[in-house]
**Student:** 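Right, I'll just put the structure down here and ask away after.
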Number of protein chains: 2
Amino acid sequence: MRFQKTTEYAIRVMVFLASYPEQRFSVNVLHKKLNIPYKYLGRLMHTLSQTGMVEVEQGKHGGYKVNSNLDKIYLYQVIGAVEGLENYDRCILGFPECSDENPCPLHKAWLERREAIKEMIYNTTLADLTVNTQ
Amino acid sequence: MRFQKTTEYAIRVMVFLASYPEQRFSVNVLHKKLNIPYKYLGRLMHTLSQTGMVEVEQGKHGGYKVNSNLDKIYLYQVIGAVEGLENYDRCILGFPECSDENPCPLHKAWLERREAIKEMIYNTTLADLTVNTQ
DNA sequence: ACTTTATTCTACCTACGTATGGTATATTTA
DNA sequence: TAAATATACCATACGTAGGTAGAATAAAGT
């Protein structure tokens with residue numbers, strides 16, 4: 001019961017970028033600041049840039065910068081961009097036929113907790129998550 | 001954010017066995033009833049038997065049977081036997097230095113939800129999870 | 001204008017863990 | 001002895017994580 005590493009990386013990067021919304025960072029700098037493997041991060045940033053959550057500039061002095069609309073970028077979007085959101089509507093025991101009408105024995109208990117997590121990721125924006133460590 | 005498949009399998013099996021606490025089942029029967037790959041399930045059952053949560057009998061007409069103390073077998077034990085419990089005390093962003101004193105920006109929100117999940121797995125026993133589909 | 005430099009982008013390649021299957025052997029008991 | 005099952009070991013598939021190499025891009029230096 002945990003995020004994929006890639007998802008952790010993605011949220012870490014986005015939180016960092018959101019903390020310096022005017023600045024542009026190269027992959028190399030992000031790699032050093034956030035302790036994420038350089039090449040892996042490169043591909044991740046490319047993926048994130050394609051969703052529009054970060055803006056990219058190529059060439060010398062290029063790099064990545066968060067999209068200015070911090071309060072429009074939700075955690076669920078970051079998670080959805082990397083590991084998807086299927087798990088948040090899934091039976092915890094993997095029963096395909098599990099539903100409110102035909103519940104598995106953990107259905108209700110898990111539903112409540114899962115909804116609390118969804119409430120978190122669907123209501124938290126990057127504007128809520130800035131962190132200044134400078 | 002999900003269980004490993006193996007963890008799902010383990011809980012499925014334990015819930016099934018707990019529903020027929022007097023009966024002994026062969027791997028082959030469990031495999032067919034629960035739609036879990038035969039060979040994989042064999043090893044999983046062996047693992048589970050070593051924790052004492054299920055009792056094993058070999059030979060013709062042998063098989064697995066849940067330990068009779070249904071109300072003493074907690075969900076966290078089943079989860080711990082397969083994928084471990086480390087993730088339930090882990091920073092959601094993977095910051096090693098994250099703590100109550102030095103929280104990551106998601107610390108408090110995640111802590112509350114994570115504790116709700118822990119509350120579930122530490123308070124639910126197999127006695128709460130029987131299901132009769134016969 | 002040409003070259004160098006710093007950067008992203010793209011396409012493979014490697015490592016590793018989880019999930020799964022195959023085959024052989026050991027154990028029990030009808 | 002034979003059938004049913006457990007146990008052990010080896011092989012395969014697959015997804016995630018991480019690395020290598022070079023092409024494309026764009027700025028800066030000459």
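Keep in mind that the numbers below use all heavy atoms, side chains included, and drop hydrogens, waters and symmetry copies. Naming: A, B, ... by sequence-line order, numbering from 1 per chain.
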**Student:** CG of A/N35: more than 12 outside heavy atoms within 6.0 angstrom?
**Tutor:**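 Count not over threshold, so no.
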**Student:** Can you check salt bridge (charged side-chain N to carboxylate O under 4.0 Å, His left out) on A/K65 and A/E22, steps first, answer last?
**Tutor:** CA-CA 7 Å; A/K65 174 185 163 305; A/E22 305 302 328; 5.6 Å; no
**Student:** Nearest whole Å is fine: how far is D/dT16 P from B/K5 NZ?
**Tutor:**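 Taking atom P of D/dT16 as the reference, NZ of B/K5 is at 12 Å.
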**Student:** Go through DNA chain C in 5' to 3' direction and return only the first and the last nucleotide with some atom under 4.0 Å of chain A's heavy atoms.
**Tutor:**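 Terminal contacting nucleotides, 5' to 3': C/dT5 to C/dC12.
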**Student:** Please state how far atom CG in B/L30 lies from atom P in D/dT5, giving the value in whole angstrom units.
**Tutor:**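 It works out to 11 Å between those atoms.
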**Student:** Return the set of residues passing salt bridge (Lys or Arg N to Asp or Glu O under 4.0 Å) with B/K60 (not counting sequence neighbours), or none when no residue passes.
**Tutor:**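 Salt bridge (Lys or Arg N to Asp or Glu O under 4.0 Å) check on B/K60 returns nothing, list empty.
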**Student:** Mind checking salt bridge (Lys or Arg N to Asp or Glu O under 4.0 Å) for B/K39 and listing every partner two or more places apart, or none if nothing turns up?
**Tutor:**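 Result, salt bridge (Lys or Arg N to Asp or Glu O under 4.0 Å) vs B/K39: none returned.
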**Student:** Within this structure, what is the CG-to-P distance between B/N28 and D/dT7, rounded to whole angstrom?
**Tutor:**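 Atom-to-atom, B/N28 to D/dT7, this comes out as 15 Å.
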**Student:** Can a side chain N or O of A/Y38 be found less than 4.0 Å away from OP1 or OP2 on D/dT20?
**Tutor:**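 Answer is no, no contact under 4.0 Å.
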**Student:** If the condition is side chain to side chain donor-acceptor pair (under 3.5 Å), which residues does B/T124 pass it with, not counting sequence neighbours?
**Tutor:**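 Partners of B/T124 under the side chain to side chain donor-acceptor pair (under 3.5 Å) test: none.
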**Student:** What is the distance, rounded to the nearest whole Å, between atom CD of A/Q4 and atom C1' of D/dG15?
**Tutor:**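 Spelled out: CD on A/Q4 to C1' on D/dG15 is 9 Å.
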**Student:** Which side-chain hydrogen bond (donor to acceptor under 3.5 Å, both in side chains) pairs, counting each pair once, include a residue from residues 102-112 of chain A, with sequence neighbours left out?
**Tutor:**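 side-chain hydrogen bond (donor to acceptor under 3.5 Å, both in side chains) check on residues 102-112 of chain A returns A/D100-A/H107, A/K108-A/E112.
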**Student:** Hey, does the side chain of A/E83 reach the backbone of B/M1 with a donor-acceptor pair shorter than 3.5 angstrom?
**Tutor:**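 Yes, the answer is positive, given that a donor and an acceptor are paired below the 3.5 Å cut-off.
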**Student:** List in numerical order all residues of residues 40-51 of chain A for which some heavy atom is under 4.0 Å away from an atom belonging to DNA chain D.
**Tutor:**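 Hits under 4.0 Å, by residue number: A/Y40, A/R43.
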**Student:** Which parts of residues 62-70 of chain B get close to DNA chain D, meaning a heavy atom less than 4.0 angstrom away?
**Tutor:**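 Hits under 4.0 Å, by residue number: B/G63, B/Y64.
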**Student:** My understanding is that only residues two or more places apart in sequence, or in another chain, count here; which of them pass side chain to side chain donor-acceptor pair (under 3.5 Å) with B/N87?
**Tutor:**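 Partners of B/N87 under the side chain to side chain donor-acceptor pair (under 3.5 Å) test: none.
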**Student:** Mind checking what makes side chain to side chain donor-acceptor pair (under 3.5 Å) contact with A/R113, not counting sequence neighbours?
**Tutor:**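 A/R113: side chain to side chain donor-acceptor pair (under 3.5 Å) contacts with B/E119.
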**Student:** Across nucleotides 21-30 of chain D, 5' to 3', mark each nucleotide with B, S or - according to how protein heavy atoms within less than 4.0 Å reach it.
**Tutor:** BB--BBBS--
**Student:** Could you check whether the rings of A/Y38 and A/H31 sit parallel, tilted or perpendicular, using 30° and 60° as the cut-offs?
**Tutor:**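 Because their plane-to-plane angle is over 60°, the rings of A/Y38 and A/H31 count as perpendicular.
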**Student:** Heavy-atom nearest nucleotide on DNA chain D for B/V27 versus A/P37: which residue maps closer to 5'?
**Tutor:**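 It is B/V27 whose nearest nucleotide is closer to the 5' end.
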**Student:** A/R114: what forms a salt bridge (Lys or Arg N to Asp or Glu O under 4.0 Å) with it, not counting sequence neighbours?
**Tutor:**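 Residues passing salt bridge (Lys or Arg N to Asp or Glu O under 4.0 Å) with A/R114: none at all.
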**Student:** Would you compute the distance between atom OG of A/S49 and atom CD of A/E57 and round it to the nearest 0.5 angstrom?
**Tutor:**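 So the gap between those two atoms works out to 12.5 Å.
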**Student:** Apply salt bridge (Lys or Arg N to Asp or Glu O under 4.0 Å) to A/R12 and list each qualifying residue two or more places apart in sequence or on a separate chain.
**Tutor:**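 For A/R12 there are no salt bridge (Lys or Arg N to Asp or Glu O under 4.0 Å) partners, ignoring immediate neighbours.
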